[in-house]
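First comes the structure, then the notes that go with it.
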Amino acid sequence: MEFDWALALGLILTAAMAASAAIVLAGVLQARSGRRTGGIFSDPQSGTVFLFDGETLLDATPGARAILALSPARGGPWLRLLAYLVPRFPDLESRLATLAGDGRLTLASTGEADPLLLMAEMRGGVTRLTLDDPTSAERPRLDHLAQRALVEELDQLRATVSQAPLMMWRESGRAEVIWANAAYLLEAAKRLDPGEDLSWPLPRLFERAATAQGAPGQRQKLETQGTARWFELVGFAEGEGRLLFALPADAAVQAEASLRDFMQTLAKTFAHLPIGLAIFDQHRKLALFNPALLDLTSLPPDMLALQPSLFSFLEALRDRQMIPEPKDYPSWRRQILELEKAASSGLYTETWSLPSGQTYRVIGRPHPNGALALMFEDISTEMSRTRRYRADLELGQAVVDAMDEAIAVFSQAGELVMTNAAYGALWGHDPVETVGSGSIVQLCEQWRARTAPSPLWSEAERFVADLGSRRPWSGEVRLDDGRLISCRFSPLTGGATLVLFRINRPDEGASAEAATLRRA
């Protein structure tokens, strides 16, 4: 069998080519793997480049990511990049809108000592932005641009602190002022003698204040050229030292002084009130009371000075028999709850008749911010006068009810104000229902219906309605049952009128008729 050298050589060449292809494929895969782990900009010297798909960041060089981190804006990478670029390239957004048609553009920054170049290119829907500094050809681009962004941010922070209208300073662990902003230095310079300069450490304007982390601390006064100003100190710990701020507090001090003066004015006013006043805050603690409350309730001043609760206050009144005693303790607790509820809505008004014989009027009224005010007024004299007046009225009514003659009293306006029992028996009117609801015209109509026709009632209407000088007069009418009554009309003080009805006895009626016939 003859060996086929041509076939062997072909197999060897085929194997070599397969091995070469495997080596190339392995190199390609390794290169792709390295690209996936390091990104398309794995070289730190590749400049400042951004790749965007719309507003989505696909990749960026380390220097570009440093610029995004230093951007003052918040949001996505596209917004942060625009916040950094637009102040340097004012027409950037309008030019980027035409990038899809132009394909490529180059912009130069304006208004800067060190100009920047921005090159934008769009391919396959992906936008590539390259930022370059033409003045730094010999320096690494990444370090220079990142450092430049840091310097710009530092300048902005320094300008902000320098122009801040409030004083800021740092203190060391030994309470020395080791740094201060322009406002603090300007204030310190006002206290120097002519020709004297600021020295180290810086002069202290405020006493050392023990302030909590970020919380308002001691309020201090600062006098400058005879003018006093107030400041609220706020401190933050920084290692062994502190960073402090002096916040103006003049408005707060003036408001507190005005409130204090107003409270003193109220206290002086309340001190002369005869009405006891007790004001409870939103937590139902006694916040304010006047001396009259001590006189009316006999509560000790030290007990009220401890700001008792509303329940404790009423409990102390109950112990001293200064509130009406309920039938049982649970009902009294419910009464307190009802009192607080009614007073909070402004509906509580009650009269307390105490076992001592005194009478108090208690009024509850709501105040702003959930506060509650209780007012105690001693109305014992007023109630005694009212009772005496009511007793006099009842006595007077009893006297007129004991009279045999029927009487009716009309006011100046012609309204019925008083009758007696004899009147009700004669005319069939209930005095309780008639008083205050009947005029002389209405009653004359009722009297006409019960008597024979007579001009006397028309004359009575004119007499009661007359406001001039009047003289008493009398007349007689006959009831529909045949009885003869005498009617007398007499003026009273204040324009009132007294009408008196008396039933004549039969002999008096006969003699009167005989006398009338004789006069005829």
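Position 1 is the first residue of the sequence, and the numbers go up from there.
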Less than 4.5 Å apart, side chain to side chain, heavy atoms only: is that true for Thr127 and Phe50? no

Of all heavy-atom pairs between Ala278 and Phe313, which one has the smallest distance, and what is that distance? CB-CZ, 4.4 Å

Answer yes or no: is there a side-chain heavy-atom contact under 4.5 Å between Val126 and Glu121? no

CG (Leu354) and CG (Leu317) are apart, to the nearest 0.5 Å, by 9.5 Å

How many angstroms lie between CD1 in Ile363 and CD in Glu350, if you round to the nearest 0.5 Å? 11.5 Å

Taking the side chain as every heavy atom from C-beta outward, state whether Gln220 and Phe231 have any atom pair closer than 4.5 Å. no

Close side-chain approach of Phe89 and Leu96, heavy atoms under 4.5 Å: no

Do the side chain of Thr61 and the main chain of Val49 share a donor and acceptor less than 3.5 angstrom apart? yes

Should the heavy atoms of other residues, nucleotides or ligands under 6.0 Å from CZ of Arg320 be counted, would the total exceed 12? yes

Contact check, side chains of Leu129 and Leu81, non-hydrogen atoms, under 4.5 Å: yes

Closest heavy-atom pair, Glu232 versus Ala249, reported as atoms and distance to 0.1 Å, is N-CB, 4.0 Å

Looking at Arg170 and Leu243, what are the two nearest heavy atoms and their distance? CG-CD1, 3.8 Å

If you round to the nearest 0.5 Å, how far is OH of Tyr84 from CG of Leu92? 12.5 Å

Atom pair CZ (Arg95) and CG (Leu105), whose distance is rounded to the nearest 0.5 Å: 5.0 Å

Mind checking whether Thr359 and Arg387 have side chains closer than 4.5 Å, heavy atoms only? yes

To the nearest 0.5 Å, tell me how far Thr381 OG1 sits from Gln358 CD. 9.5 Å

Arg128 versus Arg104: any side-chain heavy-atom pair under 4.5 Å? no

Met322 versus Tyr360: any side-chain heavy-atom pair under 4.5 Å? yes

Where do Met383 and Asp378 land on the side chain to side chain contact (heavy atoms under 4.5 Å, CB included) test, with the steps shown first? CA-CA 10 Å; Met383 294 300 296; Asp378 188 357; over 6 Å; no

Donor-acceptor list for residues 285-296 side chains, cut-off 3.5 Å, not counting sequence neighbours:
| residue | atom | partner | partner atom | Å |
| --- | --- | --- | --- | --- |
| Asn290 | OD1 | Leu277 | N | 2.8 |
| Asn290 | OD1 | Leu293 | N | 3.4 |
| Asn290 | ND2 | Phe270 | O | 3.0 |
| Asn290 | ND2 | Ile275 | O | 2.9 |

Is it the case that over 12 heavy atoms from other parts of the model lie below 6.0 angstrom from the CD atom of Gln321? no

Closest heavy-atom pair and its distance - Val362, Phe376: CG2-CD2, 3.8 Å

Rounded to the nearest 0.5 Å, the CD atom of Gln254 sits from the CG atom of Leu259 at a distance of 13.5 Å

Charged N to carboxylate O under 4.0 angstrom, Asp59 versus Arg65? yes

